Engineer: 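One structure follows; several queries about it will come next.
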Protein chains: 2
Amino acid sequence: MKNYSKQREAIITVLRDMKTHPTANAVYEKVREIIPNISLGTVYRNLAALRESGDILAISIGDGFDHFDGDKKPHIHLHCRECKEITDLYMTEDPAGEFATSQGFVPDTSVYIVSGICKDCISKQENQI
Amino acid sequence: MKNYSKQREAIITVLRDMKTHPTANAVYEKVREIIPNISLGTVYRNLAALRESGDILAISIGDGFDHFDGDKKPHIHLHCRECKEITDLYMTEDPAGEFATSQGFVPDTSVYIVSGICKDCISKQENQI
DNA sequence: AATAAAAACAGTAATGATTACTGATTTTGA
DNA sequence: TCAAAATCAGTAATCATTACTGTTTTTATT
């Protein structure tokens with residue numbers, strides 16, 4: 001087999017357990033709790049490889065960092081333009097993936113990002129009137 | 001009114017007309033045909049502002065560049081891991097946006113990226129057997 | 001159409017997230 | 001057990017993007 005190292009194993013574990021959408025640096029900080037002398041370059045290299053192979057997702061919301069996600073169950077990333085939070089919203093199916101399949105494309109990962117204003121920020125705006 | 005300049009106008013026009021998913025630099029090259037002495041910084045500044053305001057989309061596929069898209073009609077970006085092409089697949093509705101709405105989120109833009117292997121690359125693989 | 005404040009610009013310098021490099025270590029497959 | 005292949009830690013380099021500065025354009029008001 002190829003592609004094994006305890007560093008990669010730890011990175012995957014950390015990503016599967018984190019419910020946030022950490023940056024490469026946040027993953028690095030977390031993995032150091034398991035492997036204290038892991039290198040930041042190793043984290044970047046493995047995140048890039050895992051993304052390329054479709055084992056993890058990467059999402060971009062315009063804050064200058066890539067955010068990573070170890071959860072491949074179909075879900076939407078609700079990105080609030082106000083508070084900048086990313087919240088997960090789970091779907092029972094993957095509509096885009098299924099539509100892609102029907103067109104002859106063979107999908108393996110789907111990234112959904114819906115930007116707008118979240119429930120909480122709408123309440124706050126209404127209270128200000 | 002605010003936010004007007006002929007540079008921004010030209011950037012929007014170029015993005016609406018391009019059917020590809022250009023990088024900031026590709027937008028810059030194209031806009032220079034209209035405004036030869038426009039600055040690359042101006043292109044970046046406007047692309048960031050237009051993205052922030054939800055007037056254009058940005059998509060990230062892991063090649064180190066942000067790609068921009070002036071088309072807000074609901075569509076999926078089919079990203080082939082083999083040939084790296086991004087193809088548009090139009091939907092009649094925006095399933096994730098509608099689902100988000102039903103949960104109290106107020107959406108304004110949706111980005112869909114489905115990664116996998118495109119029709120053409122599958123044919124090529126089959127021919128190789 | 002004159003004017004002043006605000007916004008945006010061109011051009012350039014700086015930043016910093018990410019990638020590349022090198023010699024050491026780990027993993028793999030026989 | 002051993003050698004080739006892969007990965008690593010640590011560090012240096014890259015380069016897409018952002019910030020800065022003095023100038024020009026736009027806006028809003030008279």
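All chains are named by letter (A, B, ...) in the order of the sequence lines, taking the proteins before the strands, and each is independently numbered beginning at 1. From a predicted model like this one, the values you see are computed outputs, not experimental measurements.
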Engineer: Would you mind classifying the nucleic acid contact of B/Asn25 as base, sugar-phosphate or nothing, using non-hydrogen atoms under 4.0 angstrom?
Structural biologist: nothing
Engineer: How many whole angstroms separate atom NZ of A/Lys6 from atom P of C/dT27?
Structural biologist: 6 Å
Engineer: Starting from P on C/dT18, measure out to CD1 on B/Ile61 and report it in whole angstrom.
Structural biologist: 16 Å
Engineer: In terms of side-chain heavy atoms of A/Ser39, which of C/dA8, C/dT18, D/dG10 is nearest?
Structural biologist: D/dG10
Engineer: Just N and O in the side chain of A/Asn3: are any of them under 4.0 Å from OP1 or OP2 of D/dT7?
Structural biologist: yes
Engineer: Mind calculating the distance between CZ (B/Arg45) and C1' (D/dT21) to the nearest angstrom?
Structural biologist: 13 Å
Engineer: Please check this pair: side chain of B/His77 against backbone of B/Asp88, looking for a donor-acceptor N/O pair closer than 3.5 Å.
Structural biologist: no
Engineer: Hey, which of these two, B/Asp66 or B/Gln7, hits DNA chain D nearer its 5' end, going by closest nucleotide?
Structural biologist: B/Asp66
Engineer: Between A/Arg81 (side chain) and B/Glu52 (backbone), is there a donor-acceptor pair under 3.5 Å?
Structural biologist: yes
Engineer: If the cut-off is 4.0 Å, is B/Asn46 near the phosphate of C/dC9, judged by side-chain N/O to OP1 or OP2?
Structural biologist: yes
Engineer: Please give, in whole Å, the distance from C/dA17 P to A/Phe68 CZ?
Structural biologist: 13 Å
Engineer: Return the value, rounded to whole Å, for the distance between atom CD1 of A/Ile34 and atom P of D/dA9.
Structural biologist: 13 Å
Engineer: With no hydrogens and no angle check, do the side chains of A/Tyr44 and A/Asn25 hold a donor and an acceptor under 3.5 Å apart?
Structural biologist: no
Engineer: Do the side chain of A/Arg51 and the main chain of A/Leu57 share a donor and acceptor less than 3.5 angstrom apart?
Structural biologist: no
Engineer: Between D/dT17, D/dC8, C/dT18, which nucleotide has the shortest distance from any of its atoms to the side chain of B/Ala24?
Structural biologist: D/dT17
Engineer: Within this structure, what is the CZ-to-P distance between B/Arg8 and C/dC9, rounded to whole angstrom?
Structural biologist: 7 Å
Engineer: A/Ser5 side chain N/O closer than 4.0 Å to the phosphate oxygens (OP1, OP2) of C/dT27?
Structural biologist: no
Engineer: Counting only side-chain heavy atoms from C-beta out, which of D/dT26, D/dT7, C/dT18 sits nearest to B/Tyr4?
Structural biologist: D/dT26
Engineer: Which residues pass the ring-ring contact (aromatic ring centres under 6.0 Å, His included) test with B/His67, sequence neighbours left out?
Structural biologist: none
Engineer: Over how many whole Å does the gap from B/Leu47 atom CG to D/dA16 atom P extend?
Structural biologist: 15 Å
Engineer: Taking atom C1' of C/dA17 as reference, at what distance in whole Å does atom NE2 of A/His67 sit?
Structural biologist: 12 Å
Engineer: Look at the side-chain N and O atoms of B/Tyr44 and state whether any lies under 4.0 Å from the OP1 or OP2 oxygen of D/dT18.
Structural biologist: no
